[in-house]
Amino acid sequence: MSLEELVKQCKKGDRRAQEGLYRKYSNILFGICLKYSRNKTEAEDNLHDSFMTIFDKIGQYRSEGSFEGWMKRITVNTVMQKYRKSEHLNVVSENVEEETEVEPLYADIGLHTLLKYIQELPNKYRLTFNMYVLDGYTHKEISAQLGTSQGTSKSNLARARMILKERIEREQNKSVIGLLIFFTKEE
């Protein structure tokens, strides 16, 4: 069944078409959910909520622009709405005049490890980091999504980068020390 036919049937509430749409896009949307979630279980819950919203609002899709892009936007909005309702986004400080730059760290770490570090960030930092760095949102868009000021968005991004940089450096130092101990052992 073509995408257009799937969408048409989903608009009619056809369960088999909904299943087909889920099978076709669940991996892509799960990747987005995983990026914004603290763990796999939370990402699965976010994916479920996103598809419920997609099926609920599919009648509003007017075949203008990419359907996949429309679903991705709904997924991000669904996850953001969930976190906006939580109290984990409370502001620490909004007194940031300009964005603090963090020197890039040229670390050779795997994508899985980096994702793990990002998932371990506090919600406000993780969401801001993902939206700005990975999804290309502006601070104005982030502040609107999260219900904070642009200064808070900039501050949260700077803090997320610092936390990630410190974590990567700490883990690299552990590896270097471990290698030094291994290579300097006397037999």
Shortest non-hydrogen contact from C10 toward I58: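 Here C10 and I58 meet closest at CB-CD1, 3.5 Å.
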
Atom pair CG/CD1 of N156 and I163 - distance to nearest 0.5 Å: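 Between atom CG of N156 and atom CD1 of I163 there are 9.5 Å.
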
All side chain to side chain contact (heavy atoms under 4.5 Å, CB included) counterparts of S153, not counting sequence neighbours: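 Residues passing side chain to side chain contact (heavy atoms under 4.5 Å, CB included) with S153: T128, H139, I142.
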
Flag side-chain contact, heavy atom, 4.5 Å: L146 against K124: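 No - every pair of side-chain heavy atoms lies 4.5 Å or more apart.
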
From CG (N130) to CD1 (I32), nearest 0.5 Å: 11.0 Å

Contacts of type side-chain hydrogen bond (donor to acceptor under 3.5 Å, both in side chains), residue E19, not counting sequence neighbours: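 R23.
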
Show me, pair by pair, the donor-acceptor contacts under 3.5 angstrom made by side chains of residues 112-121, not counting sequence neighbours?
residue : atom : partner : partner atom : Å
Q119    : NE2  : L34     : O            : 3.2
E120    : OE1  : R167    : NH1          : 2.2

Residue list, side-chain hydrogen bond (donor to acceptor under 3.5 Å, both in side chains) with T75, at least two apart or on another chain: none

Listed partners of R159 passing salt bridge (charged side-chain N to carboxylate O under 4.0 Å, His left out), at least two apart: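 With sequence neighbours excluded, R159 shows a salt bridge (charged side-chain N to carboxylate O under 4.0 Å, His left out) to no residue whatsoever.
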
Set of ring-ring contact (aromatic ring centres under 6.0 Å, His included) partners for Y137, sequence neighbours left out: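 Residues passing ring-ring contact (aromatic ring centres under 6.0 Å, His included) with Y137: none at all.
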
side-chain hydrogen bond (donor to acceptor under 3.5 Å, both in side chains) pairs, two or more places apart, involving residues 50-71: E68-K72

Sequence neighbours excluded - salt bridge (charged side-chain N to carboxylate O under 4.0 Å, His left out) pairs with any residue from residues 131-140: K35-D135

Ion pair check, E169 and K165, cut-off under 4.0 Å: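 Judged by the 4.0 Å cut-off on N to carboxylate O distance, E169 and K165 do form a salt bridge.
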
Euclidean distance, N27 CG relative to L47 CG, rounded to 0.5 Å: 9.0 Å

With F30 via ring-ring contact (aromatic ring centres under 6.0 Å, His included) - residues at least two apart: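 Checked F30 against ring-ring contact (aromatic ring centres under 6.0 Å, His included); zero matches.
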
Interatomic distance, C33 atom SG to H48 atom NE2 [nearest 0.5 angstrom]: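 Here the interatomic distance stands at 11.5 Å.
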
Heavy-atom side-chain contact between L21 and F55 under 4.5 Å: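 Yes, their side chains come closer than 4.5 Å.
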
Min side-chain heavy-atom separation V133-L157 under 4.5 Å: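 SC-SC contact between V133 and L157 confirmed.
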
Side-chain donor/acceptor of S155 to backbone N/O of G151, under 3.5 Å: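 Not at all, since once roles are kept as given, no pair shorter than 3.5 Å links the two residues.
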
Non-hydrogen atoms of G136 and E141 that approach each other most closely: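 For G136 versus E141, the nearest heavy atoms are O-OE1, 4.4 Å.
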
Residue pair F67, L3: steps toward the side-chain contact (heavy atoms from CB on, under 4.5 Å) verdict: CA-CA 9 Å; F67 181 71; L3 177 60; 3.8 Å; yes

Sequence neighbours excluded, every pair satisfying ring pair (Phe, Tyr, Trp, His ring centres under 6.0 Å) that has a member inside residues 8-29: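 Pairs touching residues 8-29 that pass the test: Y22-F51.
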
Counterpart residues, side chain to side chain contact (heavy atoms under 4.5 Å, CB included), relative to M1 (two or more places apart): E5, L6, Q9

Pairwise side-chain contact, L29 with I54, heavy-atom cut-off 4.5 Å (strictly under): yes

With R38 via side chain to side chain contact (heavy atoms under 4.5 Å, CB included) - residues at least two apart: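 Only E42, N123, R126 meet the side chain to side chain contact (heavy atoms under 4.5 Å, CB included) criterion with R38.
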
M52 side chain near T78 side chain, heavy-atom distance below 4.5 Å: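 Heavy-atom side-chain distance check fails, nothing below 4.5 Å.
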
OG on S37 to NZ on K82, rounded to 0.5 Å: 7.0 Å

